[in-house]
Visitor: 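My structure is below; once you've seen it, I'll send some questions.
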Amino acid sequence: MSPSQSVVSTFQRRLLVWYARHGRDLPWRRTRVPYRVLVSEIMLQQTQVERVVPKYRQFLRAYPTLRALAAADVGDVRRLWYPLGYNIRPVRLHAIARETLARYGGRLPDDGDALRALPGIGRYTAGAVLSFAFGRDAAVLDTNVRRVLGRVFFGPRRLRRLRGDSRLWALAESLVPRGRGYDFNQALMDFGATWCTARRPRCAPCPLRRVCATFPAHARRRRGAES
DNA sequence: AATACGGGGTG
DNA sequence: CACCCAGTATT
């Protein structure tokens, strides 16, 4: 069951308006260089934005280009990564740099399957690179988008019954407005990270509450006894 | 479908 | 202490 066209366009429009007003100014939004976008996305895997920002700057100072990273010692790259965690990530990122140099002449491929064939790049990161570096209308589904779409389009009960992410991926892909993949995906993630948060979502001032399948539940709970 | 993989932050 | 965080790869 897919949402009506009017709900979809309302969702898209209101989210983009929200983003224009409340979107964060993050370092990786100031570049479209694929290598830099990739570095940010690998760092952001299961790692909060505030912890990534300083390490992102430090990493790019040390390895400003994909070629510089490819030429580096992988042990040095690993040490620079600490304490971000998931320490296989820098090893795979380093491998991506070398493989990209060897197979693609040093240019990251603007193709989902080719990106996903690289180590450490899954469906989310491929979508992020496609939309944020190459301006494609590809979808992303991370923990933020999963929560936002789950709440708005499925609601608390139906979300629990979802098996796997295939429905959410299909929904995410159907929502991306033509030509607005970059802004829409950034907006969705910013909204999940700062507004439609896991704990204590800001429902009262939410621009999407009129189309949100979960808002009634929150309102009900608020009348009851939640802090 | 379930689990391993880091480390830091929050209520 | 339990849960959360711009996921991916392997069982």
Visitor: Can you tell me, in whole Å, how much space there is between the P of C:dA6 and that of B:dT3?
Guide: 24 Å

Visitor: Going through the distances and angles, do A:Arg29 and A:Gln186 end up as a side-chain hydrogen bond (donor to acceptor under 3.5 Å, both in side chains)?
Guide: CA-CA 9 Å; A:Arg29 288 182 181 159; A:Gln186 295 282 1; 2.8 Å; yes

Visitor: Specify the separation, in whole Å, of atom CG of A:Leu93 and atom C1' of C:dG7.
Guide: 14 Å

Visitor: Please report the distance separating the P of B:dG9 from the corresponding atom of C:dT8, rounded so that it comes out in whole Å.
Guide: 24 Å

Visitor: Is it the case that the side chain of A:Thr31 and the backbone of A:Trp28 share a donor-acceptor pair, with hydrogens and angles ignored and the cut-off at 3.5 Å?
Guide: no

Visitor: Scan side-chain atoms only and decide if A:Tyr104 and A:Glu99 contain a donor-acceptor pair under the 3.5 Å cut-off.
Guide: no

Visitor: Hey, does the side chain of A:Thr125 come within less than 4.0 Å of C:dT8's phosphate (OP1/OP2), counting only N and O?
Guide: yes

Visitor: What's the CE-P distance between A:Met43 and C:dT8, to the nearest Å?
Guide: 16 Å

Visitor: Given A:Thr197 and A:Arg147, is the side-chain hydrogen bond (donor to acceptor under 3.5 Å, both in side chains) satisfied, shown in steps?
Guide: CA-CA 8 Å; A:Thr197 49; A:Arg147 182 177 55 253; over 6 Å; no

Visitor: Does A:Arg146 have a side-chain nitrogen or oxygen under 4.0 Å from the phosphate oxygens OP1 or OP2 of C:dG7?
Guide: no

Visitor: Are A:Arg32 and A:Tyr182 in a cation-pi contact, defined as NZ or CZ under 6.0 Å from the six-membered ring centre and within 45° of the axis?
Guide: yes

Visitor: Measure the distance from CG on A:Asp142 to P on C:dC5 and round it to the nearest whole Å.
Guide: 9 Å

Visitor: In whole Å, measure the gap between the P atoms of B:dG6 and C:dT11 for me.
Guide: 16 Å

Visitor: What do the steps show when you test A:Glu173 against A:Arg167 for salt bridge (Lys or Arg N to Asp or Glu O under 4.0 Å), and what is the final call?
Guide: CA-CA 10 Å; A:Glu173 284 168 352; A:Arg167 308 275 309 273; over 6 Å; no

Visitor: Rounded to the nearest Å, what distance is computed from the CD1 atom of residue A:Ile42 to the P atom of nucleotide C:dA6?
Guide: 16 Å

Visitor: How is A:Trp28 classified with respect to the nucleic acid when contacts are heavy atoms under 4.0 Å: base, sugar-phosphate, or nothing?
Guide: base

Visitor: What is the nucleic acid contact for A:Glu50, judged by heavy atoms within less than 4.0 Å: base, sugar-phosphate only, or nothing?
Guide: nothing

Visitor: Below 30° counts as parallel, above 60° as perpendicular, anything between as tilted: where do the rings of A:Trp195 and A:His22 land?
Guide: tilted

Visitor: Between protein and nucleotides 3-11 of chain B, map the contacts as a letter string: B base, S sugar-phosphate only, - none, heavy atoms under 4.0 Å, written 5' to 3'.
Guide: --BBBBBB-

Visitor: Just checking, any donor-acceptor pair under 3.5 angstrom between side chains of A:Thr10 and A:Arg210?
Guide: no

Visitor: Can a side chain N or O of A:Thr143 be found less than 4.0 Å away from OP1 or OP2 on C:dA6?
Guide: no

Visitor: Any donor-acceptor pair under 3.5 Å linking the side chain of A:Lys55 with the backbone of A:Pro83?
Guide: no

Visitor: Below 3.5 Å is the cut-off: list the nitrogen or oxygen pairs between protein and nucleotides 9-11 of chain C, distance only.
Guide:
| from | atom 1 | to | atom 2 | distance (Å) |
| --- | --- | --- | --- | --- |
| C:dA9 | OP1 | A:Gly120 | N | 2.6 |

